[in-house]
Every structure is written in C-alpha cells, then in structure tokens.
Number of protein chains: 2
Amino acid sequence: MRDVARLAGVSTSTVSAVLNGTVPVRPERKKRVLDAITALDYLPDTIARGLKTGKTNAIGVVVPDITNAFYPEVIRGVEVTAQKAGYSVLLCDSNEDPHREEEHLNTLFSRRVDGVLLACCADSTAYGNTFRGRFPVVFVDRVPPMMLEGTVASDNVQAGSVATRHLIDLGHRQIAMLAGHLGLSPHRDRLEGFRKVMQEKHLPILDEYLISGDVQIEDGLEACRQLLELKQPPTAIMASNNKLLLGVLELLAQRTIRVPQQISVLGFDDYLWNRYFNPSLTAVAQNTFEIGKSGCELLLELIEQDQEEEPVLRSVRIPTELRIRNSTAAPSA
Amino acid sequence: MRDVARLAGVSTSTVSAVLNGTVPVRPERKKRVLDAITALDYLPDTIARGLKTGKTNAIGVVVPDITNAFYPEVIRGVEVTAQKAGYSVLLCDSNEDPHREEEHLNTLFSRRVDGVLLACCADSTAYGNTFRGRFPVVFVDRVPPMMLEGTVASDNVQAGSVATRHLIDLGHRQIAMLAGHLGLSPHRDRLEGFRKVMQEKHLPILDEYLISGDVQIEDGLEACRQLLELKQPPTAIMASNNKLLLGVLELLAQRTIRVPQQISVLGFDDYLWNRYFNPSLTAVAQNTFEIGKSGCELLLELIEQDQEEEPVLRSVRIPTELRIRNSTAAPSA
DNA sequence: CCAAAATATCGAATCGTTTCTACGTCGCTT
DNA sequence: AAGCGACGTAGAAACGATTCGATATTTTGG
C-alpha cells in the first residue's frame, strides 16, 4: 500500500479512501491511485484490514461429514450466497465427533470469523455458553433440542407426514420406519410426522415396526432383516436416511424380494442417482441448496445488524417435496 | 493478551513466550500465565499473529463443483491432513467458470493463504504468472497441460488401460468410449489408456465409437443414442465420467436394453451407491481420500520448506482399482 | 478579489500479536 | 565478596491496513 501511495504521489490514507470509497477523492488523483494499483498489481491485505476493523468477512461452516452427499449441496448454497456478499468460507468437518467440533469452533473463534453455520453432530454437548459473546451462530439441518431460533432446516415433520400419507394412500397399513438416530432433529421430526399421520388415520403404531439407532448401511441391513423375520412383516418400509435405505435395498436384493411388488420402499434425501436405481426410488427431496442459502442469509443478517439492538432471530423451515417413482406401489393382496 | 498479562502480573512478551514456547519462562510464572489464560478463557487472535508473522496457517482449496461426489471425498482428505498440521481450509467453488476461479484465487491471495490446492476448471487460461510470487500451488485431479510438477492425480492412463483390458478380456472387440471433455487431463488420459491398449491388442479404434464433449447426463444419453443407431453398435460402452454413465443407463433403460446381457457398461469413479444399482456397476475406483491427502502433504511441504532453496516439486500418481461387478460380461454371440 | 465555507488530503495512532534489544537478577567461580 | 555468564523478563517497534483530527486546497458569495 505504501508503494502504491508513493507511486501515485499521495498518502496511504488517500489510497485507503480510494479503495473503500469512504471519503471523496478528486477524480484526477483517484485515477493516479488506480493506475498505481494496477501497475503494481496490488491486492489489499485482508488480514491487516481485519485486524484493524475487527471484521474478517469470513464465516465458518461446520458439517459432520462432507462425504454425505447432503452437505456438499448445502455448502454450495452457502458458498454462492457468501461469495455474493463478499464473504469467504472456512470449511470444517467434525466427522460426527463432538470433541473435534468444539476444536473447530475454537479455531474459528481464534480466526475471528464473523459468524458460523453449524450442522452439529449427534452427541454435541449443550451449546449456549460456547458461543456467548463469540460470534453469531445459525444451526442448519440439525437443530439442537430447545433451540428455537436462529435455525434453518427442512420441515421434517411435514416430510415424515407426507411420506406416511403417501404409503397409506397406496393402501399400506403395516408401515415400518427405520427412524435413524433420535438424537438428531431431522430423524426425530420425521418420526413425529409419521406418528402424527398414523394417529390421524387411526392406524396402530407397532413397536416392532419402529427401529432407531445408527444410520449406516449395516444398520439398515440389520433392521430390515429383523423386520422380515416378524410374524407379520410390514408391507412398506421408510428409511429416514440414505444409507439406511441402501442397507434395506441390499438385504431385499439378497433375498430376491421384489420392490415394489412384494414390498414398498421409500427414502428421505433425493439424490441425482435415485432416479437411476432399478426400480427408481420414491423419496422425499429436501431443498438442500435453499437450506444453505437461507442459512447463510440469516447468518449474514445477524452479522450485519447493529450489535446494539436485540438480535432478530428467525427460524426457517424449508418445504420438502415427495417424488413418487417406482419403489412404492399398492401392497399385494 | 494484555488482560492476561495484567492478571498474571507479567508483560505481554512473557505471555507470548509461554504461548509459543520460543523462549524459556520460569515455571512459576508460566503457571501464573496459564492460569490467567484459562481464567479469562483467552484464545489468541490468529489474525494479528498472521499479520505479524506473515503466515496464516490457512490453505485455499478450489474445486470446480463441490456437488460432484468426487470432490467432497478429496476435500475430506485435505481437511484431515490440514487440520492435523494446524492449518485451516478456505473452500472455494469455481462452478467450472474460469473467471470465478480467478476471482477466488485473488481473494485467497488477498487473505494471504499459505498455499492453494487447485482442481482447475475446463477452460482455465494458462496459469504460470497468476501465481508467480503469490503462493505455492498444487494441482489436484485436473492437471493443466504441460504442468509437470506439483501435481497429484489418479493414474488415469492406467485407469483407462485397465478398464479397456477388462472389456477385451471378456471378449469385447467393439468398444465405445464416451471420452468426456478432452480439455481435462483425467479424460484425456483415460482416452490415452484406452488407445494404448487397443493398439497393443491390434484392435481398430473406430472414430464413431469415440465421443467426446460435455459431461452431463444429457450428453451421455445423446451419445448413447448415436451409438445405438450405428450399423454396427458397440458391445460395450465405457463412460469417462459418472454423469455420462447415468445418461447411458437412462437411455438403455428407456429402450429396455438389458445390461450386461445385451451390452456391457463400465464407468470411472466408484461411488457408494454404484454397488446398489441393478445391475451393480463395474467401475474404476479412484482413491479420492488419498488424492486429497497427498495433495495437501505436498502443499505443506512446499509451504514449510525454506523459501530460499529451489522448490522440490513432485508429481504424484495415485493408483486406481478396477471393481468388477455385474454391468460387464462377455458379449452375446 | 478576498474571506469564509466546503472539500480533499495528510499524518499519526491504532488493531493484537511477535520479536529484537536491552536490562535485571541469579548463581558460580575465584 | 566481587565479577562474570547465563538466563529471564520487559519495553518498544514492527506487520499493513483504517480512521480521526488537523491541515491544505478549492470553491463560493459578497
């Protein structure tokens, strides 16, 4: 910056004024400064600027597992929105480990990010005081219990309802749900949606049709095995998570049970390739990009609002969409 | 930091000495400092430190499309390695747009990252001078032509060879390749591998069996349509990219052509769900995590080596692995 | 055409660290 | 018992920007 000032024959304050447009600069000198900037191909040091202004124009994004295809799409929504507003994104993967998550949050604080988007991991400890006075935080996708504001997620209760209703409308009465990890809000909410609709329709919810726990492929496989061994196996299975669903499909393939003729299968999260499965999969699609975008927008609002006034927190629910394909059908007589 | 110093009754230099262990501090005072740090729950300001030391302990990662399942796995490898070494990751998505890529590189320079991992986009301009004197760069996955060092990618020539050999060994002679975008090194290299093996085996390479261009689902669909309309359609199709493959599968499903009975199909990049397709897909798997890890390691070496000495660049090729499943079989008589 | 008002520019202090130099203190040696 | 290293510690100057009060320049009005 000093070099630019010297070359343009002005002071650094003037260069700064040109750069930020905070203060008027006479056109002739402005041009000299701009020329000097291109001549030296000078780019301001964001680090130094951040130190002085107390604002880094960077946000942290913490996800539990970036290889879960759900999160990259969310991140894309965040990235686009952040970039448009002139923010950079620091990416952290907690690998579903609360300890690592906390480390990441400390690092992010150390780097003085302006705010954080957090998809917390399964057994995260209570937050509350971790953030107190550090930075604004918006929870995305996974919302800790009792966190009523500053959150963006799919409307998972509705998602669970819609899926259940679809199966009932097809004529299913014995519906099983692999509910996933009930410590995580999306799974908890989908189960709630399921329960609600079953009650509305006066259908019994059988304990043995409700399986919760971990959400890996093997868990889905094992759960499906249990269901098939029941005296009265379900005619439809909903899996609250992509990997559980794969496990279910694997077991059904092993036993050469035909979908949807012998059993209907439905999943949450709709990925590009779900259409290309055979049969193509019925699923409740989340608007992942929108989750990221909304989350980022909410966070930027929190960041840019006056520190004085009471934070205007919102809680956003993004609608989901049932995509009916060929893995669900009326139950066989 | 001043507060910590005051509370511990020492100078800020001493606090700094305790923090960095650069200079010995008497145990008794060290304890007082550490106590003060926990009492005030002080975390040093990485921004200020970076300004002073000229080192940010941050690296940039630029990918062309984070929703392409390949990259999140690479990023995971990067993230883990970076975190272990005390570096943070700034994520940038160029969305296959060279202009945006350049913007991102400027931002990263402005933020004074210590180095950058770059998976460049299709029509990136020559680099060379963009980086000159800015920061070390390691290319991952996609290597610009003539870039001989400071690169990490799969051994795509070998990948192409292995795939081709597999099909030939099954008895195929009419093999088509959807070669993808020849401006991108992975696609170019796979095609080269294909060519090499076909020549070795003295098999003709027919122009109409070689289709290059964009790499979206529709492109695969269209290319497959062309192939099927030939007087002599191929008995096997290899698709150089995941989405091309989906397009192929879609068209084959539309025409109810059975895989592998009527035609064999093979892809590159092996994803979790490839096993669960029906038929399960034969594919050449890349070691994505390792690409990220190696790339990051190479970059950290470049960063941490003495600025004076000549940079010791390496070019790493990660082996691939053919996973034979049910989408390839001997051609029907 | 000059004083006053308005506008533009400059210099210096500052953000929170690190690091260099200078100084103080302690324990040995003789 | 005094002097000399060795070892610790403190103070102050930087890093590269922003920003504020002070000063210089231009414009305006009478």
Fill in: Which residue lies more 5' along DNA chain D, comparing B:V10 with A:A17 via nearest heavy atoms
B:V10
Item to complete: For the residue pair B:N57 and A:R111, confirm or rule out a side-chain donor-acceptor distance under 3.5 Å.
Response: no
Worksheet item: Once you round it to whole Å, what is the distance between P of C:dG16 and NZ of B:K55?
Response: 23 Å
Fill in: Nearest-angstrom distance from the residue atom CG of B:N20 to P of C:dT19
7 Å
Worksheet, complete the sentence: Closest of D:dT18, C:dT17, D:dT9 to the B:M1 side chain is C:dT17
Worksheet item: Do you see a donor-acceptor pair shorter than 3.5 Å between the side chains of A:Q286 and A:E73?
Response: no
Worksheet item: In terms of side-chain geometry, is the basic nitrogen of B:E290 or B:R76 positioned less than 4.0 Å from the acidic oxygen of its partner?
Response: no
Practice prompt. Ignoring hydrogens and angles, answer whether the base of D:dG11 and the side-chain atoms of B:S11 contain a donor-acceptor pair closer than 3.5 Å.
Written response: no
Worksheet entry | Distance-only donor-acceptor check, side chains A:D65 and A:T67, under 3.5 Å | yes
Worksheet item: Closest heavy-atom contact between B:I303 and B:P136?
Response: CG1-CG, 4.0 Å
Worksheet item: Is any side-chain N or O of A:R49 closer than 4.0 Å to OP1 or OP2 of D:dT18?
Response: yes
Practice prompt. Verify the contact: side-chain N or O of B:T14 to OP1 or OP2 of D:dA10, cut-off strictly under 4.0 Å; return yes or no.
Written response: yes
Worksheet item: What is the distance, rounded to the nearest whole Å, between atom OH of A:Y42 and atom C1' of D:dG16?
Response: 8 Å
Item to complete: May I have the distance from B:R26 (atom CZ) to D:dT9 (atom P), rounded to whole angstrom?
Response: 5 Å
Response to the item:
note: B:E28, atom CD; C:dC26, atom C1'; distance rounded to Å ~ 14 Å
Worksheet entry | Side-chain N or O of B:R29 closer than 4.0 Å to phosphate OP1/OP2 of D:dT9 | yes
Item to complete: Nearest whole angstrom, please: distance from the P of D:dG11 to the CZ of B:R2.
Response: 13 Å
Practice prompt. In whole angstrom, give the distance that lies between atom NZ of A:K52 and atom P of C:dG16.
Written response: 9 Å
Worksheet item: Can you check the A:K30 NZ to C:dT7 P distance for me, whole Å?
Response: 15 Å
Worksheet item: What's the closest nucleotide to the A:T53 side chain, out of C:dA8, D:dT19, D:dT9?
Response: D:dT19
Discussion item. Starting the side chain at C-beta, find the nucleotide from D:dT18, C:dT17, D:dA10 nearest to A:S16.
Written reply: D:dT18
Discussion item. Classify B:V23 by what it touches in the nucleic acid, base, sugar-phosphate, or nothing, heavy-atom distance under 4.0 Å.
Written reply: base
